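Each remark here refers to the structure printed beneath this line.
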Amino acid sequence: MFRKKWLDIPTGYRRLLFLSLLVVLLVGVGIVGFMHYESLSFFDSLWMTIISVMTIGYGDMYPVTDEGRRFALLIVPFGAGVVTYGLGTAASYLIEKQLSEKVWDKQMDHEIDKLEDHIIVCGFGRVAQQVYRELRNMEEELKVLYIHDNEDELLEVVDQGTLRLIGDPTDRDILEKARTDKARGLIAALDSDADNVFITLTAKGMNEDIEVAARAEKEGSEEVLKRAGATRVINPSSIGGRELALSVVSPSGIDFINDLMMAEKKEFVVGEVVLGEKCPLTGKSVESSNLRREFGITLLAIGREEGVLSNPDPDEEFRTGDKLIVAGNQESIASLDGKVNGIID
């Protein structure tokens, strides 16, 4: 058990701990030895030990007895060894740290240069940190790049291996380096509505097809962000206020939704499935498709160009290009997507 805990400590810290124990042991032995052989006080013994260990020579004080000199002959080489080991450990730690950081930075730049069909998160405040947690916990393998101007703040929350770009998210050069033109989506989560508008305009200028989800603090900013090209605009204050009100009026419903959202294991999620050209559901009614019986999912709505059909009638027929908003577990939704789009026979 002790060996396992010791090995769990990073190598650099293990060396530092070992060096500290050596120094304490050496100084302790030196103090006791000089007090015994030279009949010195505690402070004088400490002074004698330090100048012996540091090999800086004897000036105002030196061993006068034969036993004290023999003891000094043992302390001096041990002290030189400990000092040499300490300097080597410090130099090794600094070199390894700088080298590993440079290697990691180079590897990260290489990974960013290859990114395609990824998601970009701009900013890393309270809202963006929650976005990070949600994306990290998703079962789907997502390529996500985080842009923030302070790496220390970023590393306090994200894992070391998280792709990140340090810089101002409103800088066009930074967005170009993030390969916005190849991204599938962008989340503008800065505290400033003006910054989110600028990021949205810049991103849409680089990539017309990119999905932009933007954060808005003021109600009037929602329309501005949509005009700038944001696909969806989320106002955390409005959502929070609405949830607080419903938690009093309909507490059971809100508790159920929160339990689903906060659960570590996502057994119930809301997803979407787009019906392709050769989809076997095209032309079938909601009732005859038997989605619940065959796939174990519940159809919540159908998204079309003219709008969203919530709780569609059983006689409603599916069309090519329909976006089905469904609820169920991840496996059921993936199974439906594979079946209707010809991925699974």
Side-chain angles (χ1 to χ4, degrees), residues 1-111 124-126 128-129 132-133 136 146 148-167:
M1 181 62 70
F2 175 78
R3 177 178 173 80
K4 184 177 180 181
K5 291 182 178 179
W6 172 257
L7 292 176
D8 288 339
I9 302 176
T11 304
Y13 290 107
R14 289 207 304 266
R15 291 176 179 172
L16 182 61
L17 182 59
F18 181 66
L19 178 62
S20 300
L21 291 175
L22 276 180
V23 171
V24 171
L25 179 63
L26 188 62
V27 171
V29 170
I31 292 174
V32 173
F34 284 122
M35 288 179 69
H36 176 71
Y37 293 119
E38 295 291 319
S39 300
L40 299 175
S41 65
F42 176 83
F43 181 79
D44 288 340
S45 298
L46 175 63
W47 173 255
M48 183 78 77
T49 301
I50 296 301
I51 62 176
S52 298
V53 169
M54 299 301 295
T55 64
I56 56 178
Y58 296 106
D60 58 335
M61 185 180 295
Y62 54 87
V64 294
T65 66
D66 291 339
E67 292 83 0
R69 290 178 181 140
R70 294 191 192 99
F71 182 71
L73 287 175
L74 295 175
I75 287 290
V76 170
F78 274 111
V82 170
V83 171
T84 303
Y85 177 76
L87 293 175
T89 299
S92 175
Y93 176 76
L94 292 175
I95 293 173
E96 287 178 2
K97 184 178 180 182
Q98 292 179 358
L99 183 61
S100 63
E101 288 178 353
K102 289 181 179 180
V103 170
W104 170 246
D105 290 341
K106 187 174 181 179
Q107 182 180 356
M108 184 175 294
D109 289 341
H110 181 65
E111 290 293 327
F124 208 71
R126 291 181 296 106
Q129 289 177 23
Y132 163 74
R133 296 186 184 97
R136 181 189 59 185
Y146 296 88
H148 190 46
D149 56 6
N150 190 317
E151 187 171 21
D152 292 334
E153 291 181 1
L154 201 61
L155 289 176
E156 287 180 0
V157 180
V158 305
D159 299 327
Q160 181 66 34
T162 302
L163 287 178
R164 55 190 181 271
L165 194 56
I166 307 305

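Nothing here was measured: the structure is a model prediction, and the numbers come from that model. In this chain, residues are counted from 1 in sequence order.
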- request: Looking only at non-hydrogen atoms, find the nearest pair between Ser45 and Met35 and report the distance.
  value: OG-CG, 2.8 Å
message: Under the rule for salt bridge (charged side-chain N to carboxylate O under 4.0 Å, His left out), what residues qualify as partners of Arg69, not counting sequence neighbours?
response: Asp66
message: Checking Glu153 now: which residues fulfil salt bridge (charged side-chain N to carboxylate O under 4.0 Å, His left out) with it, not counting sequence neighbours?
response: none
query: Between Thr65 and Glu38, does any side-chain donor sit less than 3.5 Å from a side-chain acceptor?
result: yes
task: Find the distance between CG (Leu26) and CG (Leu21) and round it off to the nearest 0.5 Å.
output: 12.5 Å
Note, Arg136 side chain near Asp159 side chain (heavy atom, < 4.5 Å): yes
message: Ignoring hydrogens, what is the shortest heavy-atom contact between Tyr132 and Val158? Give both atom names and the distance.
response: OH-CA, 3.4 Å
- prompt: Under the side-chain hydrogen bond (donor to acceptor under 3.5 Å, both in side chains) test, which residues partner Ser39, sequence neighbours left out?
  reply: none
query: Rounded to the nearest 0.5 Å, what separation is found between the CG atom of Asp109 and the CG atom of Leu163?
result: 10.5 Å
Spacing of Ile75 atom CD1 and Arg70 atom CZ [to the nearest 0.5 Å]: 15.5 Å
- request: Indicate yes or no: at least one non-hydrogen side-chain atom of His148 is less than 4.5 angstrom from one of Arg164.
  value: no
message: When you compare the side chain of Leu154 with that of Asn150, does any pair of heavy atoms fall below 4.5 Å?
response: no
field: Leu155 CG to Thr162 OG1 distance, which is reported to the nearest 0.5 Å
entry: 8.5 Å
- request: Drop me the distance from Phe43's CZ to Ile31's CD1, to the nearest 0.5 angstrom.
  value: 10.5 Å
field: Geometric class of the Tyr37/Phe71 ring pair [parallel <30°, tilted 30-60°, perpendicular >60°]
entry: tilted
field: Nearest-0.5 Å distance, CD1 of residue Ile166 to CG of residue Asp152
entry: 8.5 Å
